[in-house]
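Structure, as structure tokens:
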Amino acid sequence: MYRPLRVEARRLRQDEGKTLDEIAAALNVAKSTVSGWVRDIELTPAQIAAINANRHIYSNQQRGADVNRERARELRLKHQSAGRLKAREGRPMHMAGCMLYWAEGAKERNGIHFSNSDPFMHLIFMRFLCEELGVRREAIKLKIVCHAQNDDECRRIEEYWLNLLHVPPANLGKTFVKPTSTKVHNHLPNGVCMVCVYDTALVSHIFGAIQEYGGFENPEWLF
């Protein structure tokens, strides 16, 4: 069963100068198995030089990726520190928005995603975004999930959220319509709306403020 694989492994090693890891990945076999198959094959000086050069390139790429990750982490820490400082000012609307996000927001590091069906909760959160974080409504995106019997009902729901939150119609994403079951009688009449702001600095600010208000540390929010 392994003979064709062994033949191919030896060809890759002898003709192409592939490393054991590369051969194992290409043939989907264990590295130890590949080692036994090609143990007697000696690489040429040119093949050895090519392998060492590739390792050097990979090592440099890895170091570059590590540097970028550390820079991103430092930026998130900086923005979290700004959120902590803001929390110490004791602003009620800032605290309300951060606590709402802790309860109902997505814990993603690349942007704010706040979902709910309660219009009053959304109005408070919008005040938080605009008044406390300085977000322009033109930068706010909406996504809606709803049950709708027809296109007119879908448009009504979309207009409901756009008018309520005063967000430009162009900022509304494609509405996801769930099938309506005849057994469901109390589905949400206006669906669920998600408010999105794609800004790493702002979501890091919120995470920092939440930790300050709550008196805890959550290192996971830095990565």
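Values below: every heavy atom of this structure, side chains too, minus hydrogens, waters and symmetry copies.
- Under the side chain to side chain donor-acceptor pair (under 3.5 Å) criterion, Tyr160 pairs with no residue, sequence neighbours left out.
- No donor-acceptor pair under 3.5 Å is formed between the side chain of Arg73 and the backbone N or O of Leu222.
- Every residue two or more places apart in sequence or in another chain was checked for a salt bridge (Lys or Arg N to Asp or Glu O under 4.0 Å) with Arg71, and none qualifies.
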Atom pairs and distances, side-chain donor-acceptor, residues 99-106, under 3.5 Å, sequence neighbours left out:
| unit_1 | atom_1 | unit_2 | atom_2 | d |
| --- | --- | --- | --- | --- |
| Tyr101 | OH | Ala106 | O | 2.7 |
| Tyr101 | OH | His113 | N | 3.0 |
| Glu104 | OE1 | Asn116 | ND2 | 3.3 |

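- Every residue two or more places apart in sequence or in another chain that forms a side chain to side chain donor-acceptor pair (under 3.5 Å) with Asp40 is listed here: Arg10.
- By the salt bridge (Lys or Arg N to Asp or Glu O under 4.0 Å) test, Asp151 is found to be paired with no residue, residues two or more places apart in sequence or in another chain being considered.
- Clustering of Ile, Leu, Val, Met, Phe, Trp and Tyr side chains at separations under 4.5 Å leaves Met194 isolated, with no partner residue.
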Could you tabulate the donor-acceptor pairs under 3.5 Å formed by side-chain atoms of residues 127-135, not counting sequence neighbours?
| unit_1 | atom_1 | unit_2 | atom_2 | d |
| --- | --- | --- | --- | --- |
| Arg127 | NE | Glu131 | OE2 | 3.2 |
| Arg127 | NH2 | Glu131 | OE1 | 3.4 |
| Glu132 | OE1 | Arg91 | NE | 2.7 |
| Glu132 | OE2 | Arg91 | NE | 3.4 |
| Glu132 | OE2 | Arg91 | NH2 | 3.2 |

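- Cluster note: Ile51 groups with Leu43, Ile48 through ILVMFWY side-chain heavy atoms spaced under 4.5 Å, whether in direct contact or through intervening members.
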For residues 195-202, which side-chain donor-acceptor pairs fall under 3.5 Å, sequence neighbours excluded?
| unit_1 | atom_1 | unit_2 | atom_2 | d |
| --- | --- | --- | --- | --- |
| Tyr198 | OH | Lys143 | NZ | 3.4 |
| Asp199 | OD1 | Ala201 | N | 2.9 |
| Asp199 | OD1 | Leu202 | N | 3.1 |

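- Ring geometry for Trp221 versus Phe216: interplanar angle over 60°, hence perpendicular rather than tilted (30 to 60°).
- Legend: residues meeting side chain to side chain donor-acceptor pair (under 3.5 Å) with Arg156, ordered by chain and number and at least two apart, are Glu153, Asn190.
- Listed by chain and number, the residues in a side chain to side chain donor-acceptor pair (under 3.5 Å) with Glu22 are Thr19 (sequence neighbours excluded).
- Residue pairs that meet the salt bridge (charged side-chain N to carboxylate O under 4.0 Å, His left out) test with at least one member in residues 204-223, sequence neighbours left out, are Arg84-Glu212, Arg84-Glu217, Arg88-Glu212.
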